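Notes to accompany the following structure.
Since this is a predicted model, take the numbers as computed values, not measurements.
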Amino acid sequence: MIQRPINAAPCFVQDIISPTTGQICGYKLGGAKVGPSVLVAAHSPLGTPVYNQLMQLNTLPWMWGTLYLILLDRLDDNNGAGMLNYAPQQPLDEILFLPHIHPYEPMQSAVQDSYWNVLRLCTKLGMIAGRGVKMPTEMGDKNA
């Protein structure tokens with residue numbers, strides 16, 4: 001794994017590299033503070049811009065727990081078997097699958113919706129403070 005420190009502090013970001021293809025097939029964010037473990041799965045046309053937007057958060061280094069973002073279309077031919085080396089060492093608390101985006105759908109709207117869904121999940125689990133993150137009950141969803 002390649003480590004890329006975030007400018008702000010004790011947390012780190014790691015690229016998850018496929019051992020067979022050599023390309024980035026996911027990211028590991030956080031882990032500096034013990035907390036929940038979350039897996040977000042997406043196809044790279046949506047997952048990569050969501051990751052880029054998450055990297056803009058100034059408070060990301062203070063996140064509790066670990067967020068794994070896996071790019072499903074970049075898993076190797078062995079259905080990701082080579083990624084077992086990078087699997088979380090603790091049980092996952094939540095798994096979030098982001099939608100598959102069709103070419104005719106507006107990408108920016110899907111990126112924003114997915115980004116906020118990831119932040120809502122992290123807020124719900126106490127990984128981030130969530131100031132400014134609207135939860136489903138605040139958005140008028142009575143089924144939340």
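Considering all non-hydrogen atoms of both residues, Ser44 and Leu71 come closest at CA-CD2, 3.9 Å. Considering every non-hydrogen atom in both Leu46 and Pro99, the closest pair reads CD2-O, 3.3 Å. Ala129 and Thr123 make their closest contact through O-CG2, 4.1 Å (heavy atoms, listed as atom of the first residue, atom of the second, distance). Shown here for Met127 and Leu67, the closest heavy-atom pair between the two residues is CE-N, 4.3 Å.
How far CG of Leu39 is from CD1 of Ile70: 5.5 Å, rounded to the nearest 0.5 Å. The distance from atom CZ of Arg74 to atom CD1 of Ile17, rounded to the nearest 0.5 Å, is 9.5 Å. Taking CG of Leu121 as the start and CG of Asn117 as the end, the distance is 9.0 Å to the nearest 0.5 Å. The line from CG of Leu54 to CE of Met63 is 8.5 Å long, rounded to the nearest 0.5 Å.
Leu69 pairs by the side chain to side chain contact (heavy atoms under 4.5 Å, CB included) definition with Tyr27, Val40, Tyr51, not counting sequence neighbours. Shown here are the side chain to side chain contact (heavy atoms under 4.5 Å, CB included) partners of His43, two or more places apart in sequence or in another chain: Pro45, Leu72, Asp73, His100. Pro49 is linked by a side chain to side chain contact (heavy atoms under 4.5 Å, CB included) to Val111, counting only residues two or more places apart in sequence or in another chain.
A single hydrophobic cluster is not seen to contain both Trp64 and Ile128; linkage of ILVMFWY side chains at heavy-atom distances under 4.5 Å, directly or through other members, places them apart.
The shortest distance between side-chain heavy atoms of Val38 and Thr66 does not fall below 4.5 Å.
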